[in-house]
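Structure first, commentary second.
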Amino acid sequence: MQAWASDTPNAFALKRPQIVTWPDVECALVLWVEDMENKGETVTGLMLREKQRRFEDRFQVPDHEQLLGDSWVQSFCKAYKIHEFQCHGEAASLDQEAVEAERI
């Protein structure tokens, strides 16, 4: 690793560092997403934005430091490898527990 870094001195400067102003809020949001995924629930961008706003209120983030708009959602999802899937037709109403029982 050190040899690679000395061969390409700009390699570490190519990636922008992720700056988190309120790590407690981000940690709470990640835990909420994981909990929703474990329950088998779908998480959308609108849900992420609303939960972010509620966590900022709960952790008393000052108004001038709150994340506004939608731009942070894409980078948040990319950083934590969160993908949005949409179920169509019968797949949306499929009972996952029944499928697992049939597989066994």
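The first residue in the sequence is number 1, and the count goes up from there. The basis for the numbers below is simple: all heavy atoms, side chains too, and nothing from hydrogens, waters or symmetry mates.
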### Message
Can you give me the closest heavy-atom contact between Leu48 and Cys77, atom names plus distance?
### Response
CD1-SG, 3.7 Å
### Query
Quick one: does Asn38's side chain have a donor or acceptor within less than 3.5 Å of a partner on Glu34's backbone?
yes
Can you give each donor-acceptor pair under 3.5 Å made by side-chain atoms of residues 56-67, sequence neighbours left out, with the distance rounded to 0.1 Å?
residue, atom, partner, partner atom, Å
Glu56, OE2, Gln52, NE2, 3.1
Glu56, OE2, Leu67, N, 3.0
Asp57, OD2, Arg53, NH1, 3.2
Glu65, OE1, Trp22, NE1, 2.7
Gln66, NE2, Val61, O, 3.2

### Query
Regarding Tyr80 and Glu26, is there a side-chain donor-to-acceptor distance under 3.5 Å anywhere?
yes
### Task
Find out whether Met47 and Glu41 are in side-chain contact, i.e. whether some heavy atom of one side chain is under 4.5 Å from a heavy atom of the other.
no
### Query
Do the numbers put Lys51 on top of the ring of Phe55, so that NZ or CZ is under 6.0 Å from the six-membered ring centre and no more than 45° off the axis?
yes
### Task
With rounding to the nearest 0.5 Å, note down the distance linking CZ in Arg49 to CG in Leu29.
12.0 Å
#### Entry: Distance (rounded to the nearest 0.5 Å) between Gln74 CD and Ile82 CD1
12.5 Å
